[in-house]
Amino acid sequence: MIHIAPYQKVELMNPIVLAYVGDAVLEMYVRQLVVSRPNLKPNDLHRATTRYVSAKGQAMALKVIEPILSEDEANVVRRGRNAKSGSAPKNADVLDYRHSTGFESLLGYLYYKGEQERLLEILDAFRQVLDNDATPTKEK
């Protein structure tokens, strides 16, 4: 994935900006995930992604994933969840929307920190939760 450094240290970035980038990271991950599955027709691709990109799904996954987050990661999620976005969600519960913003902030943070392995670990845990495969566990 193309990586252009942000204008300031990632720890100082607005969590809404991190969520903006995290949304793009998630979108790319989900598209690759869906395309990797066999027998999907092009018109089925969008339908197959809806479970992963909904605020409700992201909020549910975050709730399960939170115990495996480091203190720094949990702080990023909290900042993203509490940030004022300036717009109200159109098709989502406000609490789900805020939690999904926290999750997307985390993805943007890990992306800009260059922590690709941890980013993939979080995304895979997210996928497992939404696919009902397993509850992720913290690795040491």
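On a predicted model such as this, the values are computed, not experimentally measured, just so you know.
A distance-only check finds a donor-acceptor pair linking the side chain of Arg98 to the backbone of Arg81 [under 3.5 Å]. A distance-only check finds no donor-acceptor pair linking the side chain of Ser100 to the backbone of Gln58 [under 3.5 Å].
The two residues Arg79 and Glu11 have their closest heavy-atom pair at NH1-O, 3.8 Å. Closest of all the heavy-atom pairs between Leu26 and Tyr52 is CD2-O, 4.2 Å. Nearest heavy atoms, Pro15 versus Ala83: CG-CB, 3.8 Å. Here the closest heavy-atom approach between residue Val34 and residue Ala48 is recorded as CG1-CB, 3.8 Å. Taking all atoms of both residues into account, the shortest heavy-atom contact from Ala125 to Ile68 is CB-CD1, 4.2 Å. Closest approach of Tyr112 to Val10, counting heavy atoms only: CB-CG2, 3.6 Å.
By the 4.5 Å heavy-atom criterion applied to side chains, Met60 and Leu130 are counted as neighbours. Counting heavy atoms from C-beta outward, Leu69 and Ile122 have side chains that approach closer than 4.5 Å. Using a 4.5 Å heavy-atom cutoff, the side chains of Asp93 and Lys56 are not in contact. Using a 4.5 Å heavy-atom cutoff, the side chains of Glu66 and Leu62 are in contact. Considering only heavy atoms from C-beta on, Thr50 comes within 4.5 Å of His46 through its side chain.
Hydrophobic clustering, with ILVMFWY side chains joined whenever heavy atoms are under 4.5 angstrom apart, groups Leu123 together with Leu33.
With rounding to the nearest 0.5 Å, the separation of CG in Leu119 from CG in Asp124 is 9.5 Å. For the atom pair OG1 (Thr101) and CG (Leu106), the distance works out to 12.5 Å, reported to the nearest 0.5 Å. With rounding to the nearest 0.5 Å, the separation of CG in Leu110 from CD in Glu115 is 5.5 Å.
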Pair Arg78, Asn75 - check side chain to side chain contact (heavy atoms under 4.5 Å, CB included), show working.
CA-CA 5 Å; Arg78 181 185 43 75; Asn75 285 335; 3.3 Å; yes

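A salt bridge does not link Arg118 with Asp72: none of the charged nitrogens is closer than 4.0 Å to a carboxylate oxygen.
The aromatic ring centres of Phe126 and Tyr29 sit 6.0 Å or more apart.
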